[in-house]
Amino acid sequence: MLVQAYNLMAHAFLLCLLFSCIISTNIHACKPTERNSLLSFASTLSSPPLNWTSLDCCRWKGITCDQDGWVTRLLLPSKGLKGGISPFSLANLTHLTHLNLSHNSLYGSLETHFFLSLNRLEILDLSYNRLSGDLPLSLPPSNIRTVNLSSNRFFGAIPSSFFQQASNLTSFNVSNNTFIGYVPSSICLQHSSPFLRLLDFSSNLFNGDLAPGLGKCSELQVFRAGHNNLSGLFPEDIYNATKLEEIALPLNSLHGAISDKIVNLPNLATLDLYYNHFGGELPLNLGKLSKLKFVNFEGALPPSLMNCTNLVELRLESNNFEGDISMLDFSSLSQLTKLDLRKNNFTGTVPRSLYSCRSLKAIGLSANHLEGQIEDDILSLKSLSFLSIGFNRFTNLTGAMKILMSCRCLHALLLSGSFVGEGMPSDDDMVDFHGFQNLRLLSLSRSNLTGQIPVWLSKLKNLEILFLGFNQITGPIPSWLGNLPRLFYISLPNNRLSGEFPQQLCQLPRLLYDPNIASQVDKYEFELPVAGSSVSIISDQHFPQQLFPQQKLYFLPGWIVISNNNISGYIPTEIGQLQRLRKLALNSNNFSGLIPDQISNLKNLEVLDLSTNHLSGIIPSSLASLNFLKEFNASYNNLEGPIPTGTQLQSFNASTFEGNPKLCGAPLPNKCRPNKDMDADNKNNKDEGNGHHQLPWFYIFIVLGFIVGFGVVCGSLVINTTWRYAYFRFIDNLQDRLYVMIS
Ligand SMILES: *[C@@H]1O[C@H](CO)[C@@H](O)[C@H](O)[C@H]1NC(C)=O
Ligand SMILES: *[C@@H]1O[C@H](CO)[C@@H](O)[C@H](O)[C@H]1NC(C)=O
Ligand SMILES: *[C@@H]1O[C@H](CO)[C@@H](O)[C@H](O)[C@H]1NC(C)=O
Ligand SMILES: *[C@@H]1O[C@H](CO)[C@@H](O)[C@H](O)[C@H]1NC(C)=O
Ligand SMILES: *[C@@H]1O[C@H](CO)[C@@H](O)[C@H](O)[C@H]1NC(C)=O
Ligand SMILES: *[C@@H]1O[C@H](CO)[C@@H](O)[C@H](O)[C@H]1NC(C)=O
Ligand SMILES: *[C@@H]1O[C@H](CO)[C@@H](O)[C@H](O)[C@H]1NC(C)=O
Ligand SMILES: *[C@@H]1O[C@H](CO)[C@@H](O)[C@H](O)[C@H]1NC(C)=O
Ligand SMILES: *[C@@H]1O[C@H](CO)[C@@H](O)[C@H](O)[C@H]1NC(C)=O
Ligand SMILES: *[C@@H]1O[C@H](CO)[C@@H](O)[C@H](O)[C@H]1NC(C)=O
Ligand SMILES: *[C@@H]1O[C@H](CO)[C@@H](O)[C@H](O)[C@H]1NC(C)=O
Ligand SMILES: *[C@@H]1O[C@H](CO)[C@@H](O)[C@H](O)[C@H]1NC(C)=O
């Protein structure tokens, strides 16, 4: 009895166990058809192994099933998947609700029936792939909530009818594709998508106007359609979408004004109308904005703006705002990090209340009509790293520099075009100098500053970029510039600098060849956009017509520009060490001697301007090896001989070489004649290429012998640099003379 009972219990127990086992496997057991579909999906992709090997596909990574073994979620973001989405594999996963394949390398188009078979889909995220083609003809199902097709290469139009079933849609993001046609702004009109919260159409090729309809999107929080070709009026009914937190339409051609109705949008935090044709005055009440960006507005800033206590970025550069800026009270803007009021018509002095905005990192006030002095209250802005106040009427540069040098975070200081006619803060002014320890960019040009380049600059160990052009600076180019460890950009044109080109400048560490940094680009990004296409705009030219918001400015090493000064002597042969140099402008000085052959070592050189000096000798044919050279000017010197033939130097036009009477050959009109001194007995030979048949080898051997002999003698002596320098110049000279004879 007891044994029987025990047996029965044991059997019952085992049965129970088995049963529960079956149940539990049943929950996860995937249907063979689903397994096949998944395997077929995986087989069309070339990607790292997904390890989909076990029998039960519901346990595979990225897969979720429902209780009946249907696959409901396929989530494989950032898995390195490559290939097309096979139309027959996914389409058989008919119970799919979530599909996330973002951040892969999928390509090809979606088949026209894509949504037809996936009629339970709620979440679709195919963002960051390389998918292309039109949207599928089939419409997203009524369950769809999220569609993210952003950052692909889709094209074609998006008809409003596309959404007619999508009554539960909350977010639709197609940014960063190449869609065309109208923005389907009537998406909420037929009550089709009442729950829509997020619409992102930015960075496409949409055009036409924004049709009314968005006002019906009562839940809409984010609307972006920037960076398209939209035109027409700003749709007024947008003020009826009262939950809006962000309207971002920069870089279009929309126009109109900002209406007083903006107060209907109490949650609006970001209003970005940058680079459109909006205009007019700002409404008196702007609500609670935290980010404001727009251009083309005029008039005074409404005092209510200063009640936007959440303001983080106030970007109003290149507008026509006017009025006394010192009347504005910034003291409630404790979150403000970026203030950009550059290129407006503001008057007055820097408002003291600005110094209470302790979060400020960047201040742009340049190109206004501001006056007064920099106050030491500015030092309470402990995070200030970008200060641009040039092209105003500020005074007391020495005072300003003494204060600002204690600004520990300061990276970029742009003062060009202010403090006009003052003296460069001298070393006597800057005794106990210990400041500017993080300064990377200093721009002090276009101010007619007098005095010399002061020694305190030599202590700026992080200085990378120095602009001092268009002043009245006298004295020499200091040799210690060559010791600044990070300097890669020197711009000193249009001054009265004299003396020789310091050889030490040819040792600038950042410009020497370095295999470790050869491939890496030194990038310097500003807190605020600085300028248009060229670096020179921020300082050496006048203030730009427009600032280009999307343009972060990269400074590439390296520049040495000393045009329009009074520098004399030779161009040092050591210049050949600055292999990372991209621009060398020595024009309009008093340089004499030869063009050193070593310039041909500057393999990255793009611009070489040697014009209007007293350079003599020939143009070294080795210059032809400068593959990146885009601009070259050697005009108005005393150069002679033929322009090296069969090289890219001849692709420059004649003006590059004009003003050198003894220079000949294409592209100059005057043909080269056989050298009268050397080839007096060969007058008939017009082909300069044949010249070497008549080489006076005898002379060459004598000369070579002399060079070697001189070298041995000098090498055995301890000679100082000047002598060595003279020796090498002598050899260079001889080499070039020989070259003239050979060519
Ligand atoms: C998809 O389903 C169809 C019919 O329902 C079938 O013929 C086809 O083989 C299936 N494809 C895959 C990959 O399972
Ligand atoms: C597949 O397994 C290998 C080896 O265990 C592992 O390195 C890899 O990350 C797995 N792949 C996925 C998609 O989990
Ligand atoms: C898709 O996956 C990525 C990566 O995990 C995630 O950032 C993204 O939010 C997911 N998409 C959706 C719609 O949930
Ligand atoms: C929309 O969502 C709600 C709540 O999530 C759900 O009850 C309803 O069935 C959905 N409607 C459609 C058409 O899918
Ligand atoms: C795609 O958009 C949805 C909705 O805006 C978002 O939740 C998801 O994170 C986005 N995907 C990625 C990869 O950012
Ligand atoms: C839309 O997707 C892009 C990525 O492609 C993302 O940067 C952007 O933030 C998304 N838009 C919204 C409103 O979430
Ligand atoms: C735009 O899409 C490309 C790929 O198509 C991607 O590399 C880039 O990061 C995307 N840009 C943004 C701002 O998301
Ligand atoms: C905005 O809504 C109000 C009332 O809800 C309505 O009278 C008005 O016509 C709407 N405006 C637009 C432009 O649709
Ligand atoms: C700013 O806010 C204060 C306090 O809430 C209020 O008294 C003042 O009228 C507001 N100023 C403007 C211009 O809206
Ligand atoms: C400033 O005002 C002057 C005269 O009122 C006007 O000509 C000019 O266009 C305005 N704007 C700027 C940015 O100077
Ligand atoms: C220049 O500024 C310094 C520092 O603020 C100050 O001490 C000096 O008096 C100022 N000089 C003039 C002429 O205002
Ligand atoms: C600087 O001086 C020159 C010559 O005296 C003058 O032409 C120029 O307008 C001055 N520049 C400024 C910014 O005042």
Side-chain angles (χ1 to χ4, degrees), residues 61-62 64 72-81 96-104 106 121-131 140 143-154 168-179 183 196-204 217 219-228 243-250 269-270 272 291 366-367 369 390-395 397 415-424 443-451 467-474 493-496 539-543 550 564:
K61 209 163 201 170
T64 310
T72 55
R73 294 183 183 204
L74 179 55
L75 309 177
L76 295 171
S78 309
K79 289 288 181 293
L81 309 182
L96 216 53
T97 59
H98 290 61
L99 179 59
N100 189 344
L101 302 175
S102 73
H103 287 286
N104 283 297
L106 302 170
L121 205 58
E122 294 171 18
I123 309 286
L124 174 65
D125 191 345
L126 300 176
S127 61
Y128 291 102
N129 279 288
R130 294 173 201 161
L131 297 164
N143 324 51
I144 198 85
R145 287 189 276 136
T146 296
V147 176
N148 192 346
L149 302 178
S150 63
S151 295
N152 278 287
R153 295 163 189 174
F154 288 107
N168 267 359
L169 190 66
T170 59
S171 71
F172 185 72
N173 188 346
V174 290
S175 67
N176 196 12
N177 280 287
T178 49
F179 285 109
V183 165
L196 208 55
R197 286 204 298 265
L198 187 156
L199 277 175
D200 195 340
F201 299 103
S202 47
S203 300
N204 278 287
C217 298
E219 300 294 317
L220 192 62
Q221 293 168 354
V222 178
F223 178 61
R224 295 184 193 161
H227 221 150
N228 281 294
K243 296 224 168 123
L244 269 171
E245 293 169 8
E246 174 178 344
I247 301 175
L249 301 168
T270 300
D272 187 349
K291 277 193 190 175
S366 43
H369 310 296
F391 301 97
N392 278 298
R393 298 189 204 123
F394 292 115
T395 54
L397 176 61
L415 306 175
S416 300
S418 282
F419 309 101
V420 172
E422 298 191 16
M424 177 68 76
S443 161
L444 259 176
S445 45
R446 293 210 177 259
S447 299
N448 278 351
L449 301 179
T450 56
F467 290 103
L468 295 175
F470 298 86
N471 286 303
Q472 314 276 354
I473 300 173
T474 50
N494 296 69
N495 278 295
R496 297 179 189 167
S539 55
D540 284 351
Q541 293 176 13
H542 289 292
F543 200 80
Q550 75 277 46
N564 288 299

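Both ligands and their constituent atoms are indexed starting at 1 by order of listing. Heavy atoms only: backbone and side chains are in, while hydrogens, waters and symmetry mates are out.
No side-chain donor-acceptor contact under 3.5 Å links N129 to the backbone of N152. For S447 (side chain) and S416 (main-chain N/O), no donor-acceptor pair under 3.5 Å exists by modelled atom type.
For ligand 6 and D200, the ligand atoms under 4.0 Å from any heavy atom of the residue are 1 (C), 8 (C), 10 (C), 11 (N), 12 (C), 13 (C). The N448 neighbourhood of ligand 12 comprises atoms 1 (C), 2 (O), 3 (C), 8 (C), 10 (C), 11 (N), 12 (C), 14 (O), with distances under 4.0 Å to a heavy atom of that residue. Residue-ligand proximity, Q472 to ligand 12, at heavy-atom distances under 4.0 Å covers atoms 2 (O). Listed by atom number, the atoms of ligand 6 under 4.0 Å from L198 heavy atoms are 12 (C), 13 (C), 14 (O). Per-residue contacts place S175 under 4.0 angstrom from the following atoms of ligand 6 (heavy atoms of the residue considered): 1 (C), 2 (O), 3 (C), 5 (O).
Under the salt bridge (charged side-chain N to carboxylate O under 4.0 Å, His left out) criterion, E122 pairs with R145, not counting sequence neighbours. By the salt bridge (charged side-chain N to carboxylate O under 4.0 Å, His left out) test, E246 is found to be paired with R224, residues two or more places apart in sequence or in another chain being considered. The side-chain hydrogen bond (donor to acceptor under 3.5 Å, both in side chains) check on S202 picks up D200, with sequence neighbours excluded.
Ring geometry for F201 versus F223: interplanar angle over 60°, hence perpendicular rather than tilted (30 to 60°).
Of the polar atoms of N176, none of the N or O atoms is found under 3.5 Å from an N or O of ligand 6, judged by distance alone. By the 3.5 Å distance cut-off applied to N or O atoms, R446 is not counted among the residues near ligand 12.
Minimum heavy-atom separation, F394 to E422: O-OE2, 4.3 Å.
Using a cutoff of 4.0 Å between basic side-chain nitrogens and carboxylate oxygens, R197 and E219 are not scored as salt-bridged.
Near ligand 3, heavy-atom contacts under 4.0 Å come from P77, N100, S102, I123, D125.
Atom CG of residue L75 and atom CG of residue L101 lie 8.5 Å apart, to the nearest 0.5 angstrom.
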